[in-house]
2 protein chains.
Amino acid sequence: MGAKSHYNDVLKERNLKATKHRFAILEALENCKIPVTAEDLYIKLKRDGISISLSTVYRCLETLHKKGIVIKSNIPDYNKAVFEYNHNEHRHHMICIKCHKMQPVNGCPLEEFEKFIESKFDFTVKGHNLEVYGYCSGCGSKETASNYSCCPERNEGS
Amino acid sequence: MGAKSHYNDVLKERNLKATKHRFAILEALENCKIPVTAEDLYIKLKRDGISISLSTVYRCLETLHKKGIVIKSNIPDYNKAVFEYNHNEHRHHMICIKCHKMQPVNGCPLEEFEKFIESKFDFTVKGHNLEVYGYCSGCGSKETASNYSCCPERNEGS
DNA sequence: ATTGCAAATGCGAATCATTCGCAAAAACAA
DNA sequence: TTGTTTTTGCGAATGATTCGCATTTGCAAT
Ligand SMILES: [Mn+2]
Ligand SMILES: [Mn+2]
Ligand SMILES: [Zn+2]
Ligand SMILES: [Zn+2]
């Protein structure tokens with residue numbers, strides 16, 4: 001209990017109609033530990049027996065994102081957007097450059113930095129993006145990842 | 001003097017052939033104060049009287065990026081990659097959420113944070129992405145920007 | 001419950017950035 | 001100059017995302 005009416009409120013507050021598809025999407029997203037693509041979500045919903053079209057998944061995610069209910073982000077060198085439920089906890093992610101998994105990290109080290117920027121430049125800070133790249137526990141530090149801007153291909157020796 | 005042979009070395013070091021297109025691209029990029037899209041660059045080259053195909057621009061940029069000569073990044077909610085010459089200074093950017101301009105900021109506030117992550121999680125840090133969003137000096141703080149994950153549309157009052 | 005209108009959806013077609021295939025043109029080592 | 005390896009041009013293909021439009025749904029006012 002509570003679950004559905006909670007989404008109901010969330011949607012109503014932003015002038016969005018409460019549809020079963022939106023409930024399903026929000027519920028599925030809230031159960032995801034890691035951010036998912038629109039298509040991942042579409043497949044998951046289908047598996048759960050929900051009849052929905054991929055366009056609707058895209059449209060809902062975009063709407064929910066614009067209303068701040070869902071966070072949309074891009075993994076560099078990965079041509080798909082990923083979405084996650086916005087828990088309204090300010091957090092960042094660690095992204096595995098091998099398997100592309102994203103895991104959240106709570107907390108933010110940037111308060112000072114933002115102040116520094118506002119004081120040094122004529123720029124009004126409204127937010128930031130921060131992700132850390134590397135190898136997740138599953139992938140170890142095997143040097144087999146695809147190339148990333150953060151760790152370009154080396155060419156020293158032989 | 002110096003300029004061309006410098007690119008020559010950069011390319012040779014990474015086993016890339018030194019072609020006039022790659023020189024043109026590197027030169028154009030190095031002259032850009034802000035990151036540009038493949039198409040921006042293509043247009044710029046054309047204006048400079050250089051005959052090149054858009055595919056080649058994409059291919060060169062990708063190659064140069066994989067070799068670490070060029071940095072490729074994505075502006076959230078903007079569906080194009082942007083490229084900049086890699087000056088090998090570790091730096092980040094301020095991105096205007098109204099006009100999409102990116103300006104560099106030297107320095108990095110994340111050394112501590114990376115240590116923290118490695119010590120707390122079983123994750124090997126290899127790099128990071130950090131951009132700050134807000135209004136550039138030209139755009140002031142007029143609240144007219146398109147929506148961004150960092151500052152979703154509000155719906156309070158009225 | 002019924003009605004009426006705006007918002008949401010399904011479906012397929014369209015977009016648009018980016019990638020690919022392949023033949024022709026460089027680059028460069030020998 | 002020759003031969004081999006890369007790079008390039010061109011257009012076609014790809015793949016994620018968006019759009020158009022007819023139909024259905026949510027929901028507020030009867
Ligand atoms: Mn933060
Ligand atoms: Mn940094
Ligand atoms: Zn991994
Ligand atoms: Zn601006």
Side-chain angles (χ1 to χ4, degrees), chain A residues 4-5 7-26 35-43 45-46 50-67 69-70 72-83 100 146-147 149 155, chain B residues 4-5 7-26 35-43 45-46 50-67 69-70 72-83 100 146-147 153 155:
Chain A
K4 281 211 170 159
S5 61
Y7 295 139
N8 215 307
D9 294 346
V10 168
L11 293 168
K12 291 291 173 65
E13 273 168 27
R14 330 243 166 159
N15 297 103
L16 294 178
K17 289 189 175 172
T19 71
K20 63 183 176 201
H21 286 143
R22 288 181 176 158
F23 284 139
I25 285 175
L26 290 173
V36 292
T37 66
E39 191 162 25
D40 289 341
L41 187 58
Y42 172 69
I43 290 167
L45 291 172
K46 281 302 179 77
I50 289 155
S51 163
I52 191 172
S53 111
L54 181 57
S55 319
T56 301
V57 174
Y58 273 105
R59 261 186 302 221
C60 285
L61 286 172
E62 195 60 33
T63 301
L64 296 170
H65 162 59
K66 287 218 261 218
K67 296 293 188 171
I69 303 170
V70 156
K72 176 180 183 180
S73 36
N74 284 93
I75 300 180
D77 279 336
Y78 187 66
N79 56 334
K80 297 170 186 166
V82 291
F83 301 85
H100 288 155
S146 48
N147 297 332
S149 28
N155 203 212
Chain B
K4 281 212 170 160
S5 60
Y7 295 139
N8 216 307
D9 293 345
V10 168
L11 293 168
K12 290 290 173 64
E13 272 168 28
R14 331 244 166 157
N15 298 104
L16 294 178
K17 288 190 175 172
T19 71
K20 63 182 178 204
H21 285 145
R22 302 225 259 228
F23 283 140
I25 285 175
L26 289 173
V36 293
T37 66
E39 191 162 23
D40 290 341
L41 186 58
Y42 172 69
I43 290 168
L45 292 171
K46 281 300 180 76
I50 288 155
S51 163
I52 191 172
S53 110
L54 181 57
S55 319
T56 302
V57 174
Y58 273 105
R59 258 184 306 221
C60 285
L61 286 172
E62 194 60 33
T63 302
L64 296 170
H65 162 60
K66 288 217 261 219
K67 297 292 190 173
I69 302 169
V70 157
K72 176 181 184 181
S73 36
N74 284 93
I75 300 180
D77 279 337
Y78 188 65
N79 57 333
K80 297 169 185 166
V82 291
F83 301 86
H100 287 155
S146 48
N147 298 331
E153 184 179 297
N155 203 213

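Basis for what follows: all heavy atoms, side chains included, without hydrogens, waters or symmetry-related copies. In what follows, chains are A, B, ... by sequence order, proteins preceding strands, each numbered from 1. All values derive from a computational prediction rather than experimental measurement.
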- prompt: Any idea which heavy atoms bring A:Ala38 and A:Leu54 closest together, and the distance?
  reply: O-CD1, 4.3 Å

Rounded distance (Å) that lies between atom P of C:dC20 and atom CD of B:Glu62: 9 Å

message: Between P on D:dC10 and CG on B:Leu54, what's the gap in Å once rounded to a whole number?
response: 11 Å

query: For B:Ile50 and D:dG9, what is the distance between atoms CD1 and C1' respectively, to the nearest whole Å?
result: 16 Å

Polar atoms only, N or O, under 3.5 Å: list the protein pairs with nucleotides 27-30 of chain C and their distances.
{"residue": "C:dA27", "atom": "N3", "partner": "B:Lys17", "partner atom": "NZ", "Å": "3.2"}
{"residue": "C:dC28", "atom": "OP1", "partner": "B:Ala18", "partner atom": "N", "Å": "2.9"}

message: How close do A:Leu45 and A:Ala24 get, counting heavy atoms only, and between which atoms?
response: CD2-O, 3.8 Å

- prompt: Roughly, in whole Å, what's the span from CD1 in B:Ile75 to C1' in C:dA17?
  reply: 14 Å

query: Given atom CG of B:Leu11 and atom P of C:dA26, what is their separation to the nearest angstrom?
result: 18 Å

From C:dT19, D:dT17, D:dG9, nucleotide with atom closest to B:Thr56 side chain: D:dG9

message: Quick check on D:dT8: is either OP1 or OP2 less than 4.0 Å from any side-chain nitrogen or oxygen of B:Arg59?
response: no

query: Expressed in angstrom and rounded to an integer, what is the separation of B:Lys66 atom NZ from D:dT7 atom P?
result: 12 Å

message: Rounding to an integer number of Å, can you tell me how far B:Tyr42 OH sits from D:dC10 P?
response: 8 Å

- prompt: Would one find a side-chain N or O of A:Ser53 under 4.0 angstrom from OP1 or OP2 of C:dT9?
  reply: no

So which protein N/O to nucleotides 12-15 of chain D N/O distances come out below 3.5 Å?
none

Nearest to side-chain heavy atoms of A:Ala81, which nucleotide of D:dT17, C:dT9, D:dG9: D:dT17

message: Counting C-beta onward and ignoring hydrogens, is there a side-chain heavy-atom pair between B:Leu11 and B:Leu64 closer than 4.5 Å?
response: yes

- prompt: Want to settle it: does B:Asn74 or A:Ser51 sit nearer the 5' end of DNA chain C, counting the closest nucleotide to each?
  reply: A:Ser51

- prompt: Hey, are the side chains of A:Val10 and A:Leu16 touching, using non-hydrogen atoms and a 4.5 Å cut-off?
  reply: no

- prompt: So which heavy atom on A:Lys72 is nearest to which on A:Ala81, and how close?
  reply: CE-CB, 3.9 Å

- prompt: Take atom NZ in B:Lys20; do more than 12 heavy atoms of anything else shown fall under 6.0 Å from it?
  reply: no

task: With the side chain counted from C-beta on, respond yes when B:Ile25 and B:Ile52 share a heavy-atom pair under 4.5 Å apart, and no when they do not.
output: yes

message: Can you tell me how far apart OG1 (A:Thr56) and CG (A:Leu61) are? Round to the nearest 0.5 Å.
response: 10.5 Å

- prompt: Would a 4.5 Å heavy-atom cut-off, applied to side chains only, mark B:Phe23 and B:Asn8 as touching?
  reply: yes

task: Identify the heavy atoms of A:Thr37 and A:Phe83 that sit nearest to each other, and give their distance.
output: C-CD1, 4.4 Å

Between C:dA26 (P) and B:Phe23 (CZ): distance, integer Å: 16 Å

message: Please determine whether a side-chain nitrogen or oxygen atom of B:His21 lies at a distance below 4.0 Å from atom OP1 or OP2 of D:dG9.
response: yes

message: Report for the helix from C:dA1-D:dT30 to C:dA30-D:dT1: angle between first-end and last-end helix axes, five pairs each, rounded to 10 degrees.
response: 40°

- prompt: Looking at A:Ser51 and A:His21, what are the two nearest heavy atoms and their distance?
  reply: O-NE2, 2.9 Å

- prompt: Between B:Tyr58 and C:dT19, does any side-chain N or O lie under 4.0 Å from OP1 or OP2?
  reply: no

task: Ignoring hydrogens and angles, tell me if any N or O in the side chain of A:Arg22 forms a donor-acceptor pair with the backbone of A:Cys60 under 3.5 Å.
output: no

